[in-house]
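Excluded from the calculations below are hydrogen atoms, water molecules and symmetry mates; all remaining heavy atoms, backbone and side chain alike, are included.
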Amino acid sequence: MTTQRCHSAAGTSGGRLTVLDPATGEAFAEAPGRQPDELDAVVRRAHDAWRDWRTDRGVRTTALLAAADAVEAAGPRIAPLLTREQGKPLAESFAEIARTAARLRYFAALDPAPRPLRDGRPVRSEIRWRSLGPVAAIVPWNFPLQLASAKFAPALAAGNTVVLKPSPFTPLATLLLGSVIADALPTDVLTIVTGHEPLGARLASHPGIRHVTFTGSIPTGRAVAAGAAASLGRVTLELGGNDAAVLLEDVEVERIADRLFWAAFRNCGQVCMAVKRVYAPARIYADVVEALAQRARSTVVGSGLEPDTELGPVNNMPQLARVERCTAQALADGARAAAGGHRLDRPGYFHAPTILADVPPDSPVVTEEQFGPVLPVLPYRSLDEAVEAANGTRFGLGGSVWGTDLDRAEAVADRLECGTAWINHHAELSLAQPFAGVKESGVGVAGGPWGLYGNLRPFVVHRPEGT
């Protein structure tokens, strides 16, 4: 994701992180601020724990299933804390916890079985799978638990140990998650370190780390890759997206408007694979803008702890400032705010759900990832023009096509330059599918069996036939 969301904590005090509630802008808790020079001991202990953890898949399966049960049982404790530090509605926090438990169960069930090789020689060859060693997982603030589990669940299932660093904006729920599953896992198999930079940079470049899995901005992703290269560590980088939704001429606007709106605005638009641009045929362009604007105007914005809230605050002040800059630039360039277009006049980091029309196609709100509750809608006159525009950024995470003729929609989806394309929905993932981007949206594959094998290396054994 291209936002600056892992670079600094809201504040530090005496080696502690000060955590702010984005619904109020006020400090409400502190977390430990680990120093970079403490990582040597942390990584060494992770390496020592790896020696036993890698040896028995049955033990790992039992431990991960127990961890999943513990996470599920602790949902009522974790969810309010996650909402308090991240901002999302409480129901979404519970959904994130459920996804975390489900991911642990999914990877616990995967078995990287040996595979024989037959090539005509009088030799029996077999591919076996070995773990890598300590893995560094560096996680952003938009889905602290879900993205953490997307990294540590496959790594642990593969027999690696993990050192996990959450964003300094959202350390608390991750620390609580770690304490909840501590009894299920051996000591030092999963270690959570919280702190401000350069803690993450030091972890990514630590010579004892064999795989770095990172979700964050493109510039930081490049720095992570450069740091890991010093010790030739493996990297998996999810660097976000600027997903386009292409609406076809036969789309039924009112029928898809709710799905399309929430595909863009869930979690206050702070989703790497959210819809970030909509391309609509010129003939129905005004209808699309108004349908989305109506939903933006009627959305209940407030604290995620309030039961009626549909959209919470932006997570932090730097990100809110970015959203404001992108919106102001678009308006200055001639765009029209069909809904919203401004920060809300209340405490906290609230921005009105915003639908922008008549946006210049080269405006940053179109070409970059705004990562907030702002959606530009652009008209097109030919389908080729729409596909070219959808593919015309440096991103390639996801995309979607919306229409009544599903065969035609699928043919258009096949032309999108992205890792995942959806038809008549967006940003829905199965635990069993690969998740990857093209262009500058990332390196490597997460999710499904691909996520497991990304944490393993092949080991080949040959022996003569007949012995």
Side-chain angles (χ1 to χ4, degrees), residues 43-68 102-137 149-163 184-186 188-190 206-213 225 228-237 419-420 429-438 442-467:
V43 174
R44 183 172 59 252
R45 290 194 298 269
H47 186 275
D48 292 343
W50 172 56
R51 292 191 178 100
D52 288 334
W53 179 248
R54 64 186 174 178
T55 59
D56 193 328
R57 179 182 174 275
V59 167
R60 296 198 300 272
T61 298
T62 299
L64 293 178
L65 291 175
R103 186 169 273 112
L104 283 163
R105 293 191 178 106
Y106 173 81
F107 282 105
L110 291 188
D111 183 8
R115 190 176 75 185
L117 290 172
R118 305 295 183 194
D119 58 8
R121 296 182 301 152
V123 174
R124 283 189 293 169
S125 303
E126 186 176 70
I127 302 175
R128 302 171 186 174
W129 299 96
R130 289 188 170 178
S131 56
L132 305 174
V135 171
S149 66
K151 300 177 187 305
F152 70 68
L156 295 177
N160 305 293
T161 53
V162 176
V163 180
L185 301 177
D188 297 323
V189 163
L190 173 64
H206 196 283
I209 293 294
R210 302 315 310 148
H211 179 200
V212 182
T213 172
S231 57
L232 298 180
R234 185 180 298 187
V235 294
T236 301
L237 308 175
T420 305
L429 294 176
S430 161
L431 293 175
Q433 78 175 72
F435 181 62
V438 300
V443 174
V445 182
W450 299 268
L452 181 69
Y453 284 100
N455 284 281
L456 293 164
R457 64 176 179 86
F459 173 68
V460 183
V461 175
H462 301 274
R463 64 179 287 178
E465 290 280 11
T467 60

Is any side-chain heavy atom of [Y] closer than 4.5 Å to one of [X]?
X: L456; Y: L132; result: no
X: V443; Y: T236; result: no
X: V189; Y: V162; result: no
X: P112; Y: L452; result: yes
X: P434; Y: V445; result: yes
X: L104; Y: F152; result: yes

Restricting to side chain to side chain donor-acceptor pair (under 3.5 Å), what partner residues turn up for T161, sequence neighbours left out?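 Result, side chain to side chain donor-acceptor pair (under 3.5 Å) vs T161: none returned.
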Holding to side chain to side chain donor-acceptor pair (under 3.5 Å), I want the full list of residues that pass it with H206, two or more places apart in sequence or in another chain.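 Once residues adjacent in sequence are excluded, the partners of H206 under the side chain to side chain donor-acceptor pair (under 3.5 Å) criterion are D40.
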Only pairs at least two apart or in different chains count here, so list each salt bridge (Lys or Arg N to Asp or Glu O under 4.0 Å) that has a residue in residues 106-118.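 Found R57-D111, R118-E465.
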Tell me the closest heavy-atom pair linking [X] and [Y], and the distance in Å.
X: A153; Y: L64; answer: O-CD1, 4.4 Å
X: A46; Y: V163; answer: CB-CG2, 4.1 Å
X: A436; Y: G444; answer: CB-O, 3.5 Å
X: A432; Y: Y106; answer: CA-OH, 3.4 Å
X: T55; Y: R51; answer: CG2-O, 3.1 Å
X: P449; Y: L110; answer: CA-CD1, 4.0 Å

With [X], which residues qualify under side chain to side chain contact (heavy atoms under 4.5 Å, CB included), at least two apart?
X: A230; result: none
X: A184; result: A66, A67
X: A228; result: V212, V235
X: V461; result: R128, F459

Going by ring pair (Phe, Tyr, Trp, His ring centres under 6.0 Å), name the pairs with one or both residues in residues 47-66, residues two or more places apart or in two chains.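 Counting only pairs at least two positions apart or across chains, the ring pair (Phe, Tyr, Trp, His ring centres under 6.0 Å) contacts touching residues 47-66 are H47-W50.
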With sequence neighbours excluded, what pairs up with [X] under the salt bridge (Lys or Arg N to Asp or Glu O under 4.0 Å) test?
X: R105; result: D69, E72
X: D52; result: none
X: R130; result: none

I'd like to know if the side chain of N455 pairs up with that of H211 as donor and acceptor (distance under 3.5 Å, no hydrogens or angles considered).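 Per modelled atom types, N455 and H211 side chains form a pair under 3.5 Å.
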Could you pull out all residues at least two apart from Y453 that satisfy ring-ring contact (aromatic ring centres under 6.0 Å, His included)?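 Scan of Y453 (ring-ring contact (aromatic ring centres under 6.0 Å, His included), adjacent residues dropped) gives W129.
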Just by distance, do the side chain of [X] and the backbone of [Y] share a donor-acceptor pair under 3.5 Å?
X: R210; Y: P134; result: no
X: N160; Y: S131; result: no
X: R60; Y: R54; result: yes

Would you compute the distance between atom NZ of K151 and atom OG1 of T213 and round it to the nearest 0.5 angstrom?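 Result: 3.0 Å between the selected atoms.
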Carefully, step by step, assess H462 and E126 under the rule side chain to side chain contact (heavy atoms under 4.5 Å, CB included). CA-CA 7 Å; H462 301 274; E126 186 176 70; over 6 Å; no
